[in-house]
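Read through the structure below, which is laid out as structure tokens, and then see the notes.
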Amino acid sequence: MALETNSGTSSARRSRSGSPDLVASNAGTALPYATRSALHLKGLVPSGVEDFSAQEQRALEQLNMKSTSLEKYIFLSWLRTTNINLFYRLVLHNLREIAPVIYTPTVGQACQEYSHIYPFLAPPNAVDGLYIPITEVDNIGEIIQNYKESIAEGDEPEITVITDGSRILGLGDLGMNGMGIPVGKLQLYVAAAGLNPDRCLPIVLDFGTDTQRYLDDPLYLGIRQHRPEDSEFYTAADRVIEALHAAFPSMFIQFEDFSTDHAFGLLERWRNKALCFNDDIQGTGCVILGGFISAVEQAGIPARDQRILFVGAGSAGVGVAKQLVDYFVIEHGIPEEEAKAMFWFVDSRGMVTANRGDRLAEHKVYFARHDNGDAQCKTLEDAVEYVKPTALIGLSTIHKAFSESILARMNDFNQTARPIIFPLSNPETKAECSFEEAMRCTDNRVLFASGTAFPDYTVPETGEVKVPGQGNNMYVFPAIGLGAVLCKPERITDTMVFAVAKALANSLTEDERARGELYPRIERIREVSADLAAALITQAVREGLAQDAQWVARVAQDAGESAVAGAHPDGRFAPGLASEVSKYMWTPAENYEQLRASLPHYHHHPVVASAASAAGKL
Ligand SMILES: NC(=O)C1=CN([C@@H]2O[C@H](COP(=O)(O)OP(=O)(O)OC[C@H]3O[C@@H](n4cnc5c(N)ncnc54)[C@H](OP(=O)(O)O)[C@@H]3O)[C@@H](O)[C@H]2O)C=CC1
Ligand SMILES: CC(=O)C(=O)O
Ligand SMILES: [Mg+2]
């Protein structure tokens, strides 16, 4: 056993299962003397008995001693796998500072370095998720069984984030190293929406990589082969998803950071067969629609006069634009063809037109322009002059694509209204422009949101501090997952996602609106997630798709209407529903007693049971 324990190269599985006592491993120096004695831990910890807030203070001090973001990331990963309760206390109390470390931008660098910063924890007592090589797909049943045996009874996963690492943020194909993204996204599920950390399952499909530097890297931990052709990819991916769905039928599956063709392909194959969702297409569409609704309200021109130029026509760009079309159709009564005509796209070959002379990828065809005559703008500058946009949306992965001259032209074109400029590519090194640049070049009039958080900007003339909006799907995917886990809809529909976007726009406080902000402050994210999850549940019930009877009854009763009213999705939900949702959110324990009380099923885990019986109590 000692040999097995020490031989793994893998890391961090559930921290607590690695301990002879899961409660003890989450309490450490907070363990009361009597318990130390009962568990034969006397003398094995410093004599001071402290509370969780003192531990948190020490953890924060140690975090702040790290001089780089990557060092902070490594420290936080270690803390998460050592003491999950303390980790989430720290994250929840310092979300504004820590989100950029466990998520974008630092998670991007962490993924690039994943094989080099991988910690040395060993399975079966340390598992941070599933690594499924394409060469082992025939053995997927065995892999899932191994996972089941590694978790405590009652901890079957209720949510998974799954990637194949082929398009990690805007950083390209990172192969198995992309595992940092599911791990990071699931931390936000816990922090932002209170999903139970023990029931979150990160998965990487280790299907190879076409990035030569990883294939050549002696420390690379993924399989060393090129990516498969499409048919082999889909056969293998389908087998994994089928097996997961069979093992955990109500588990919510979030597809994340697949290359654009496979992102659309997998969603199409699975959206009506399993409870699943693509975060880059639907989550991004949802969060940007939420911010866009607020921006249009503040812009100063009628919605139907918007001229929206997208730079980037991948899964994110097309996903966002489709949500915006729905918004113009549903909310403003604009016919679909007219709504579609409000959009222009630029990709790596210039403006997307039907007569450009190349074969357009399927997902671009819907938005290809037919009214351009002979005009074929080859550069973004040309397209900006041609379209004279009111809104410029970047999902291109091209750093500084919104040059100062382009930003200045946006200002020129929008003198009677406020320009909407959203550089949404991640991480920061791929962002199309910064908040400071957008403010400076538009006389501080811009309505702004970015994918990665930018610092506040102080207007030099007035000293006024302006806060940039963060248009990142982190504002919605945790709530969509929470709502889905609670009401168990048969599937996630576009109208449910639309209802969540509306709820996000509705979630701004009067103060946030008065300051011209487009998204709620991150400190309110749990409150906002409860609203958004309530909106999803309400919509699922209205569509007759919610399968959990408790939520169907609750929504129907509160709304005073039939559960299958099929009502217009308006983002509203019954008063009281959000606070009901909040009750289901996991929160870290405040003290030792609470920790013990909050983790009753730990006692069923074989490791705990044997430790408890050896100790004669617990
Ligand atoms: N803020 C958020 O919440 C989210 C942000 N994103 C970010 O969006 C970005 C794009 O993601 P995704 O759509 O999936 O990725 P893709 O790689 O599929 O899309 C990138 C798009 O940008 C286009 N492009 C590349 N170079 C240029 C150029 N020089 N000029 C104009 N267009 C160019 C590509 O053109 P072509 O089609 O010709 O190759 C493609 O259409 C990423 O950085 C990602 O991090 C994604 C999801 C959520
Ligand atoms: C935020 C996100 O999902 C992305 O950049 O891919
Ligand atoms: Mg993504």
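Values below: every heavy atom of this structure, side chains too, minus hydrogens, waters and symmetry copies. Counting starts at 1 for both ligands and their atoms, in listed order.
No salt bridge links Lys364 with Asp358; every basic N to acidic carboxylate O contact stays at or beyond 4.0 Å. Salt-bridge annotation for Asp347 and Arg349: absent, with no side-chain N of the basic residue lying under 4.0 Å from a carboxylate O of the acidic one. A salt bridge does not link Arg513 with Glu517: none of the charged nitrogens is closer than 4.0 Å to a carboxylate oxygen.
Atom CD of Glu229 sits in a sparse spot, with 12 or fewer heavy atoms from other residues, nucleotides or ligands closer than 6.0 Å.
Taking the six-membered ring for Trp, Tyr88 and Trp586 have ring centres closer than 6.0 Å. For Tyr234 and His262, the distance between ring centers is under 6.0 angstrom.
For the side-chain hydrogen bond (donor to acceptor under 3.5 Å, both in side chains) criterion with Arg227, the lone passing option out of Thr209, Thr211, Asp173 is Asp173.
With Phe258 as the aromatic partner, Arg167 does not meet the cation-pi criteria of under 6.0 angstrom to the ring centre and within 45 degrees of the ring axis. Remark: Lys340 is positioned above the aromatic ring of Tyr366, its terminal NZ or CZ atom under 6.0 angstrom from the ring centre and at most 45 degrees off the axis.
Side-chain atoms of Ile159 and Gln254, non-hydrogen and from C-beta on, never get closer than 4.5 Å to each other.
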Does the pair Asp494 and Lys322 meet the rule for a salt bridge (Lys or Arg N to Asp or Glu O under 4.0 Å), with working shown? CA-CA 10 Å; Asp494 290 340; Lys322 286 214 161 137; over 6 Å; no
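In terms of modelled atom types and a separation under 3.5 Å, the side chain of Glu331 and the main chain of Tyr327 share no donor-acceptor contact.
Below the 2.8 Å limit, the Mg ion (ligand 3) has as protein N, O or S neighbours Glu256 OE2, Asp257 OD1, Asp280 OD1.
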Considering only N or O atoms, set out every pair between ligand 2 and the protein closer than 3.5 Å, with distances to one decimal place.
residue, atom, partner, partner atom, Å
ligand 2, 3 (O), Lys185, NZ, 2.9
ligand 2, 3 (O), Glu256, OE2, 3.0
ligand 2, 3 (O), Asp280, OD1, 3.1
ligand 2, 3 (O), Asn473, ND2, 3.0
ligand 2, 5 (O), Asn426, ND2, 2.8
ligand 2, 6 (O), Arg167, NH1, 3.0
ligand 2, 6 (O), Asp257, OD1, 3.0
ligand 2, 6 (O), Asp280, OD1, 3.0

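Residues meeting the salt bridge (Lys or Arg N to Asp or Glu O under 4.0 Å) test with Arg526, sequence neighbours left out: none.
Ligand 1 is surrounded by Arg167, Leu169, Gly170, Thr260, Asp280, Thr284, Val311, Gly312, Ala313, Gly314, Ser315, Ala316, Val346, Asp347, Ser348, Lys364, Leu395, Ser396, Thr397, Ile398, Leu424, Ser425, Asn426, Gly451, Gly471, Asn472, Asn473, each with at least one heavy atom closer than 4.0 Å.
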